[in-house]
Number of protein chains: 2
Amino acid sequence: MTSERSSRKGGRSRDPRGERGIPEATVARLPVYLRALTSLSDSDVSTASSEDLATAAGVNSAKLRKDLSYLGTYGTRGVGYDVNYLRYQIAREIGLTQDWSVVIIGIGNLGHALANYSGFASRGFQVTALLDSDSARVGEAVGGLKISSLDDLDAIVQDNTVAIAVIATPAEAAQEVCDRLVAAGVSSILNFAPAVLSVPGHVDVRKVDLSIELQILAYHEQRKAQGVLADLDELEAGAI
Amino acid sequence: MTSERSSRKGGRSRDPRGERGIPEATVARLPVYLRALTSLSDSDVSTASSEDLATAAGVNSAKLRKDLSYLGTYGTRGVGYDVNYLRYQIAREIGLTQDWSVVIIGIGNLGHALANYSGFASRGFQVTALLDSDSARVGEAVGGLKISSLDDLDAIVQDNTVAIAVIATPAEAAQEVCDRLVAAGVSSILNFAPAVLSVPGHVDVRKVDLSIELQILAYHEQRKAQGVLADLDELEAGAI
DNA sequence: ACGATTTTGTTCTCGCGTTCACAAACTCTT
DNA sequence: AAGAGTTTGTGAACGCGAGAACAAAATCGT
């Protein structure tokens, strides 16, 4: 997994309330299922088996069935799942039946790209503000929005009832921006800055770190290369 | 974790060779430790305890010690770890003592941002080519590099011994681009396109998906809000 | 020199997540 | 109507990862 939850340790068993809690690993896959269902729906497929869905989502069918069983019993034995019905149920479970207001902090290279990314709006996430600490950039228009000053954070968060923020600042600024976000009432943060953020327990942080991903790939790549060398050694040693 | 390995199922226990295999969860944290060590080194700290390191990396100290123990015994009891020595050892283990050539495919908003991102080069990842299928963009300069045509992929990969590629195309194009990359000999792929890629077993794919991350945050956010409502209900019902 | 203190490396235990395998439930054919 | 064929939902087994806890090893103070 690329990202980590920094708060909320427990899975469903530690839930103080008795209500259905969905395992974290399952939650992380629901959006993938949703995408697969949307794709099938666009292809006018009205019913799909767990095997079909699993293939489309790139997972094993038993896992998919167990994941879906946490939401309820939405399938029909001997038939499969109604694509549109299941799609709605997952969307509702994730919370995509309502719109979410998102602000992006730090409009550098990455912030720019995120502001122009169309994939957000299509899923019910609306970027309502772009903030930057550089006063020279305030007022500049990016992706149909004007950049606001970081000083207006509190007002912006309150006016738009923002719960989710995206940090795309340099690493040095990330913790301070994070603190201000939390103070303003934001309780979910997507962090692109290569920095460890410390937040109060009620705030969720997810991290996306490009250079970490590359390093993980490099590790395995190096390992493959070593394996080849070792195989050659064995070959020379006449072991095979 | 946000991303998934699509190939290579086993952890260290299934390793056919008897050599030390590092658990996947540990591999994913090594880059974080590396960053923490670099930061300490920049602050002229020469020695650090597991507690210090763990705090800087945002993990628990027992976990950190166990992770490091997979690499070897690089600490000194009663003292701690030599920052620069440990840093070198982790870098070597990950494979950062060599340079990695990386190509980026799909120079849209995101590809643009990635091409300009300075965080790659600083960690030994050198972007050697930018590719796009849109012939109108070929030749355009981005971040000091000229965009090449996708048709030149094979030659570029071979000339630069590229093992790692970044896919930043729209979802529709991702699988085809992926197939061509694999055919050209690339065996590690970082995928930003919101699509499930299918690859042969020897190829590693890691996925970074912004909209999935937001959806996971939305789920928890919704859950927090429901919890508040439930608490209010209990209050009204006189349960407290 | 030796006990007190610090801190690592490792063992052990527990819980989560994955997968197998099968009974239950539904459809279809005859 | 009944048996054959499908496909879901779930119980059970298993392996990996997290964290507590402790023994081993180093330093420090006297």
Side-chain angles (χ1 to χ4, degrees), chain A residues 1 4-15 20-30 32-33 45-83 85-86 89, chain B residues 1-15 20-30 32-33 45-83 85-86 89-90 216:
Chain A
M1 329 230 160
E4 267 178 295
R5 310 276 312 292
S6 68
S7 51
R8 279 206 195 195
K9 31 194 172 228
R12 65 197 177 293
S13 61
R14 297 214 191 155
D15 195 326
R20 59 182 175 186
I22 300 178
E24 194 57 32
T26 298
V27 170
R29 280 187 294 265
L30 290 181
V32 181
Y33 301 156
V45 177
S46 62
T47 302
S49 70
S50 63
E51 200 69 49
D52 297 338
L53 279 176
T55 303
V59 301
N60 152 320
S61 70
K63 195 192 296 195
L64 180 133
R65 286 200 302 277
K66 177 155 280 196
D67 283 342
L68 294 184
S69 77
Y70 290 117
L71 311 189
T73 57
Y74 297 133
T76 308
R77 298 177 190 221
V79 178
Y81 300 89
D82 181 291
V83 170
Y85 180 59
L86 182 58
Q89 293 299 339
Chain B
M1 5 286 40
T2 350
S3 2
E4 265 179 293
R5 310 278 312 295
S6 68
S7 53
R8 283 207 193 192
K9 35 197 167 227
R12 66 197 176 294
S13 60
R14 296 215 190 153
D15 196 326
R20 60 186 174 180
I22 300 178
E24 195 57 33
T26 296
V27 171
R29 280 187 295 267
L30 290 181
V32 180
Y33 300 156
V45 177
S46 62
T47 302
S49 69
S50 63
E51 200 69 48
D52 298 338
L53 279 176
T55 304
V59 301
N60 155 316
S61 70
K63 196 192 298 193
L64 179 132
R65 285 200 302 277
K66 182 176 275 193
D67 283 341
L68 295 184
S69 77
Y70 290 116
L71 311 190
T73 58
Y74 296 135
T76 310
R77 298 177 191 223
V79 178
Y81 299 90
D82 181 290
V83 170
Y85 181 59
L86 182 58
Q89 292 299 339
I90 294 181
I216 295 172

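Letters A, B, ... mirror the listed sequences (proteins, then strands); counts begin at 1.
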Side chain of [X]: nearest nucleotide among [options]?
X        : options                  : answer
Asn60(A) : dC20(C), dT8(D), dG17(C) : dC20(C)
Lys63(B) : dT8(C), dG19(D), dC20(C) : dG19(D)
Ser49(B) : dT7(C), dA21(D), dG17(C) : dT7(C)

[X] versus [Y]: any side-chain heavy-atom pair under 4.5 Å?
X        : Y        : result
Thr76(B) : Thr47(B) : no
Lys66(B) : Thr26(B) : no
Val59(A) : Asp67(A) : no

Tell me: [atom1] of [X] to [atom2] of [N], nearest whole Å?
X        : N       : atom1 : atom2 : answer
Leu64(B) : dT10(C) : CG    : C1'   : 15 Å
Asp52(B) : dT6(C)  : CG    : C1'   : 12 Å
Gln89(A) : dT8(D)  : CD    : C1'   : 16 Å
Asp67(B) : dT10(C) : CG    : C1'   : 13 Å
Leu71(B) : dG9(C)  : CG    : C1'   : 13 Å
Leu53(A) : dT8(D)  : CG    : P     : 8 Å
Ile22(A) : dC16(C) : CD1   : C1'   : 16 Å
Leu68(B) : dT7(C)  : CG    : P     : 16 Å

Hey, is the side chain of [X] poking within less than 4.0 Å of OP1 or OP2 on [N], counting only N and O atoms?
X        : N       : result
Tyr81(A) : dC26(C) : no
Thr76(A) : dT8(D)  : no
Arg65(B) : dA21(D) : no
Tyr74(B) : dT7(C)  : no
Ser50(B) : dT8(C)  : yes

- [ ] Please evaluate the base of dT19(C) for a donor-acceptor partner in the side chain of Lys66(A) within a cut-off of under 3.5 Å?
- [x]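 Per atom types, the contact qualifies.
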
- [ ] Using only heavy-atom distances, decide whether a donor-acceptor pair under 3.5 angstrom links the side-chain of Arg77(B) to the base of dT7(C).
- [x]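 It does not, because no donor-acceptor pair links the side chain of Arg77(B) to the base of dT7(C) below 3.5 Å.
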
TODO: Walk me through it: do Arg29(A) and Leu64(A) pass the test side chain to side chain contact (heavy atoms under 4.5 Å, CB included)?
DONE: CA-CA 9 Å; Arg29(A) 280 187 294 265; Leu64(A) 180 133; over 6 Å; no

Open item on the list: Here's a test of your reading of the structure: between Thr26(A) and Ala62(B), which maps to the more 5' nucleotide of DNA chain C?
Closed with: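 Final value for this comparison: Ala62(B).
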
TODO: May I ask you to check whether Asp52(B) and Ser49(B) show a side-chain donor-acceptor distance below 3.5 Å?
DONE: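 The criterion, which ignores hydrogens and geometry beyond distance, is satisfied for Ser49(B) and Asp52(B).
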
TODO: Using the closest heavy atom to pick a nucleotide of DNA chain D for each, name whichever of Val79(A) or Ser69(A) lands nearer the 5' end.
DONE: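 Mapping each residue to its closest nucleotide by heavy atoms, the 5'-most match is Val79(A).
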
